[in-house]
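Worksheet: the structure to be examined is printed underneath.
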Amino acid sequence: MLSRDLVDSLFPPDLPGPQHWERRYPPRGLPEGAEVTRFSPSPTGFLHIGGVYTAMIDKDIAHHSGGRYLVRVEDTDQARVTAGAAEQFAEAFGYFGIGPDKDHATGGYGPYTQSAREQVYLSYVRELLRQGKAYLDFETQQEAGERTARQRAAGALPGYYGQWAVWRDAPQQRVAEQLAAGRPYAVRFRSPGLAGRRVSFTDAIRGELTMEDNRNDAVILKRSDTRPRLPTYHFAHAVDDHLMRVTLVIRGEEWISSVPLHLQLFAALGFPPIRYAHIAPLMKQAGGSRRKLSKRHDPEASVSFYIAHGYPAPAVEYYLRGLANGRLAEMPLPQALAEPIRLSEMGTAGPLADLVKLDDICADYVATLSGRTILADVTAWARRYDPDLARVLDAEPDLALRALAIEREGVANPRKDLRKWADFRNVYGYFFPEFFQLVTDPADPRFGGLDPDLVRAVAAEFAGNYQPTAEDWFGQIRRLAAELGFAPSGKAYKQDPAAYPGSIVEASAVIRVLLTGARDSPGLPAVAAALGPGEVLRRVGALRLRVSLPGEDHRPHAVDGLGPGPGQQRLRGLRAVLAGLRNPCRDEPRDQRRGERRPAPPGHPIEVPPRAGVRRLGALVPPLRERVDQSLAGREDVHPRPVVAEPCPALPVGAEGAHADRPGIGGRPERAPR
RNA sequence: GGCCCCGUCGUCUAGAGGCCUAGGACGCCGCCCUCUCAAGGCGGUAACGCCGGUUCGAAUCCGGUCGGGGCUACCA
C-alpha cells in the first residue's frame with residue numbers, strides 16, 4: 001500500500017474529497033418506487049437506433065414511475081469522439097422525443113458529459129488509492145501485449161491478476177522510482193475477487209444471473225499522460241450513476257459480463273449496489289443467421305436513416321415499443337404510446353429489426369393523418385432533405401392538398417400509400433407539372449404493348465370529347481373504349497382475346513399512363529379532378545407521331561408498327577398532317593426555356609398544330625413514311641430529318657394552362673417496393 | 001479457449017405440465033371487390049433446433065447437444 005503522501009502528491013492539492021460530491025449531489029428524496037434512469041450514449045457518430053430503443057425505455061420507465069430520466073454523454077474515450085456528434089444527438093433526441101428531462105439538461109446533477117467531470121473521478125480514484133483499493137500500474141502498452149501473448153500461450157485467462165499483476169503489490173520504493181523517472185501510469189482497481197468464487201445478481205429482465213466473480217484488476221483511470229485524466233467506462237459508471245442517484249441502469253446485454261466488476265467497484269467505493277436491466281440488442285437478418293445491427297454495415301442502424309427518409313417518429317416509436325413489449329404491438333397506436341413499458345415483459349432474445357413491418361406501421365399511421373397534417377410534415381421534411389420538393393409544395397399547396405385528399409379524406413379506409421415523407425415525391429410527384437414528364441411516345445412500354453396507333457386513338461378520342469365535370473366521368477372512357485373496339489371488361493376480353501385489341505382495362509391504362517405516368521394510381525376521376533381540365537388535356541395531348549425519313553433515324557417508331565392498308569379516313573388524316581407541315585407559324589419551334597420564337601435550325605423537329613380533322617390520328621396510314629416521302633419530294637424547306645408531328649386534339653383556347661411550357665424535370669420514379 | 005446470454009411460423013410473439021390439432025399480428029400466396037394500384041373482405045401457407053430423462057401427460061421441468069449472440073481493451 002502506498003503512503004498517503006505519495007498518493008496525494010499525484011493529485012491537485014485542492015481536490016475535494018468524496019463527501020464534497022455526496023453533498024453536492026444529494027439523494028433525490030423521490031417517492032418510493034420512483035425510478036431514476038439514464039441513457040448514456042457515446043458520441044462516436046450517429047446515434048444507433050438501438051440507442052433510441054434503450055432511451056425510449058429509460059424515459060418511459062422513469063416517467064411512469066414518477067421518477068426522472070437523464071442523458072449522460074460517455075465521452076471518456078476522447079480519441080473516438082466524432083465532431084458534430086452532439087448536434088446529431090440533439091436532432092435525434094428532438095425527433096424521437098428522448099431528450100433528458102428539462103431540469104436534467106443542465107445543472108442539477110450535472111455536468112452530464114463525462115469529460116467535464118474529471119475532478120469528480122479524481123476524488124474517488126484518490127480515495128481508493130489512499131485505502132489501498134487501487135494501485136499504480138506502469139506497464140507499457142508493449143508489455144501488456146506481451147503479457148497477453150504469454151497468457152494465451154500458457155492457456156491462462158487474459159487479464160491483470162495473480163502472478164501476472166506485477167504492479168499490484170510493488171513496493172513503494174519502486175513506484176516512487178518510476179514516478180521520479182516520469183513514467184506514465186494507469187490506476188488499476190485491486191479486485192477482491194477470488195478464484196472459483198461465483199457471484200449472482202438479479203437482473204430486472206432476466207431474473208437471477210450467476211457467473212464467475214471478477215478477478216481482473218481493471219484499469220479505472222487511464223494513463224497519466226493523457227489530458228483530461230479520464231476514467232474507464234466501468235469506473236465512470238459507478239461514480240456517475242451513484243452520484244446522479246440513478247436507481248435503475250438499463251443497458252445492452254453486452255454489459256452482463258461486466259456486472260461482477262461493477263458490483264466490486266460499488267462495494268469498494270462504499271456505494272449501495274444499483275439495479276440492472278440488460279436488454280437484448282436489435283438484430284439484423286444476415287443470410288441464414290442473425291447478427292447485431294451494426295452502425296458500420298447497416299444504414300438502418302443509424303437514426304439518421306430514419307430521419308433522412310422521414311419516417312414519422314410516432315410510428316417508429318410504436319414499432320420499437322412493440323418490440324420491447326409484445327403486448328403494446330397489438331394495441332392501437334395512441335394507446336400503445338401511453339401504456340407503460342414493463343421490464344418484466346421484455347424478451348431476452350434479440351429481436352430482428354424488420355423494416356417491412358415498420359413500413360406497414362408507418363403506412364397505417366400516416367393513414368390516420370389529415371392531408372393538411374401530412375402536407376405540413378412532408379414540407380418540413382423536404383425543406384431539409386428535398387429542397388426542390390419544398391419549393392414546389394410551397395408554390396402549390398392547394399394542388400398538394402387536392403392530391404392528398406384523394407381516397408383519404410371522407411373515406412372509411414384511407415389510402416395507405418405513404419409510409420415516410422421521402423415517399424411523397426414518388427407517390428404524389430406526378431400531380432405537379434414540374435415533376436411530371438409528359439408521355440409523348442405512343443409506343444411507350446408503359447402502355448403495355450398496346451398498338452401505338454390505338455394508343456393515339458384513345459388519347460385523341462378522350463381529349464376530343466373531354467367533359468371534366470361529367471357526372472359519370474368514367475363513362476367517357478367506357479364509351480370511347482367501346483367505340484374503339486375494346487372489350488367491356490377484363491373478363492369478356494379473357495373469354496375471347498382474339499376479338500378485341502384489349503379490354504377497358506387497357507383503354508383506361510392509356511389515360512392513366514398519360515395522366516400519371518404509371519399504370520397504377522388512385523381513381524382516375526379523382527386524379528383528373530385534382531389536376532384540373534387544362535392539365536388533363538395537356539397531358540393527354542402530349543402524344544406525338546414520329547415519322548422517319550429515308551436514310552435517317554431508324555429507331556423503331558410508332559409508324560413502323562401501323563396496321564394494314566390505307567382507307568379513306570386514313571388518307572384524310574395524312575392530308576391533315578401534311579397540311580400542318582406547311583403551317584409557317586409552327587415551323588418555327590419555340591425555345592422552350594425562354595419562350596421566344598426563333599427560326600428552326602436544320603433538322604429540328606417540326607411541330608404540327610392541333611387540327612380538328614386529326615382527331616383519329618391513330619388511324620393513320622401504314623406506309624406513312626412512303627407517303628410523306630412523296631409529298632415532300634422536291635421541297636427544300638423541309639430538312640430530311642425526323643419529323644415530329646404533335647396531334648394536339650382541339651384544345652380550347654388558353655386551356656393549355658400555365659404550365660404548358662415548363663420543361664419537365666425528371667419523371668415519376670418507380671414506387672418503392674413494399 | 002474460458003465465462004455469460006439466447007433458441008415457438010419468414011418476422012414480432014402468445015404460451016407458467018393437460019385449455020395446443022400450438023393462438024394472434026406483420027409478411028407471403030390465392031380468391032372476392034374492381035378501370036389500375038393501394039385499401040378492404042374472405043381463405044390459405046407456415047414454428048416448439050436436436051437427443052435423452054422426469055411424468056399418465058412436456059412447447060412448458062431436468063440433463064446433454066447443436067446453433068446464434070456477447071464479453072474476455074487504458075472502447076463504450
*asked:* Counting the atoms with a prime plus P, OP1 and OP2 as sugar-phosphate, which does A/R206 contact under 4.0 Å by heavy atoms, base, sugar-phosphate, or nothing?
replied: sugar-phosphate
*Interatomic distance, A/I341 CD1 vs B/U13 P [rounded to whole Å]*: 13 Å
*Should B/U54 form a Watson-Crick or G-U wobble pair with both distances under 3.5 Å, which nucleotide is its partner?*
none
*So, A/D60 and A/R321, do they make that salt bridge, N to O below 4.0 Å?*
yes
_Pairing check on B/A16: which nucleotide meets the Watson-Crick or G-U wobble criteria with it, both distances under 3.5 Å?_
none
*B/C48 to B/C75 separation - C1' atoms, rounded to the nearest Å*: 39 Å
*Between A/E208 and A/T202, is any side-chain donor less than 3.5 angstrom from a side-chain acceptor?*
no
*Whole-Å distance between B/C6 P and A/M211 CE?*
10 Å
*P atom, B/A76 versus B/G15: distance in rounded Å?*
39 Å
_Watson-Crick or G-U counterpart of B/G30, or none if no pair lies under 3.5 Å_ = B/C42
_When the C1' atoms of B/U21 and B/C5 are compared, how many Å lie between them, rounded to an integer?_
34 Å
*Of A/R327 and A/E407, the one whose closest RNA chain B nucleotide lies more 5'*: A/R327
*What's the closest nucleotide to the A/K416 side chain, out of B/A38, B/C5, B/G27?*
B/A38
*Inspect the contact between A/R168 and A/D217 and indicate whether a charged nitrogen and a carboxylate oxygen are less than 4.0 angstrom apart.*
yes
*When you look at A/R479 and A/E461, which way does the salt bridge (Lys or Arg N to Asp or Glu O under 4.0 Å) test go after all the steps?*
CA-CA 10 Å; A/R479 276 192 296 280; A/E461 195 70 41; over 6 Å; no
*Name the closest nucleotide to the A/A349 side chain, picking from B/A39, B/C6, B/G69.*
B/C6
_Taking only the C1' atom of each, what is the distance from B/C20 to B/A58 in whole angstrom?_
12 Å
*What is the distance from OH of A/Y276 to P of B/C5, rounded to the nearest Å?*
17 Å
*asked:* Expressed as a whole number of angstroms, how long is the span from A/L352:CG to B/G27:C1'?
replied: 13 Å
*Whole angstrom value for the distance that separates C1' of B/A25 from OH of A/Y319*: 12 Å
*Calculate the interatomic distance between A/R478 atom CZ and B/U36 atom P; express it in whole Å.*
12 Å
_I need the CD1-P distance between A/I279 and B/C5, as an integer number of Å._
18 Å
_Any donor-acceptor N/O pair under 3.5 Å between B/C37 base and A/R519 side chain_ = no
*Base, sugar-phosphate alone, or nothing: which one does A/P525 contact when heavy atoms must sit under 4.0 Å apart?*
base
*Given that both distances must come in under 3.5 Å, which nucleotide forms a Watson-Crick or G-U wobble pair with B/C75?*
none
*Write down the distance between CG (A/D417) and C1' (B/U36), rounded to a whole number of angstrom.*
14 Å
_Any base atoms under 4.0 Å from A/E330, or only sugar-phosphate, or nothing? Heavy atoms, all strands._
base
*How long is the gap from CZ on A/R229 to OG1 on A/T76, to the nearest 0.5 Å?*
13.5 Å
*Nucleotide paired to B/G49 in any strand shown, Watson-Crick or G-U, under 3.5 Å*: B/U65
*asked:* Heavy atoms from C-beta onward define the side chain here; which of B/C26, B/G7, B/U36 lies closest to that of A/K357?
replied: B/C26
*Nearest to the side chain of A/R512 - B/U36, B/A39, B/C37?*
B/U36
*asked:* Strictly under 4.0 angstrom, non-hydrogen atoms only: write out the protein contact profile of nucleotides 70-76 of chain B, one letter per nucleotide from the 5' end, B, S or -.
replied: BSSSBBB
*So, do A/V73 and A/S40 sit near enough that their side-chain heavy atoms are less than 4.5 Å apart?*
no
*Quick one: label A/I477 by what it contacts on the DNA or RNA (base, sugar-phosphate, nothing), any heavy atom closer than 4.0 Å.*
nothing
*Contact class for A/G155 vs. all strands (heavy atom < 4.0 Å): base, sugar-phosphate, or nothing?*
nothing
*For atom P, what is the distance between B/A22 and B/A46, given to the nearest Å?*
11 Å
*Between A/R198 and B/C4, does any side-chain N or O lie under 4.0 Å from OP1 or OP2?*
yes
_Donor-acceptor pair, side chain of A/D203 and main chain of A/H278, under 3.5 angstrom_ = yes
*Spacing of the C1' atoms in B/U72 and B/G53 (rounded, Å)*: 35 Å
*If we ignore angles and hydrogens, is there a donor and acceptor under 3.5 Å between the side chains of A/Y428 and A/D417?*
yes
*So do A/P445 and A/F447 actually touch side chain to side chain, heavy atoms under 4.5 Å?*
no
*asked:* With rounding to the closest Å, how many angstrom separate the P atoms on B/C6 and B/C62?
replied: 12 Å
*Considering only NZ, NE, NH1 and NH2 on the basic side and carboxylate oxygens on the acidic side, decide whether A/E253 and A/R206 come within less than 4.0 Å.*
yes
*Just compare B/C5, B/U36, B/C26 and give me whichever is closest to any side-chain atom of A/D360.*
B/C26
*For atom C1', what is the distance between B/C12 and B/G52, given to the nearest Å?*
32 Å
*Could you check whether A/E506 gets within reach of a base, just the sugar-phosphate, or nothing at all, counting any heavy atom under 4.0 Å?*
nothing
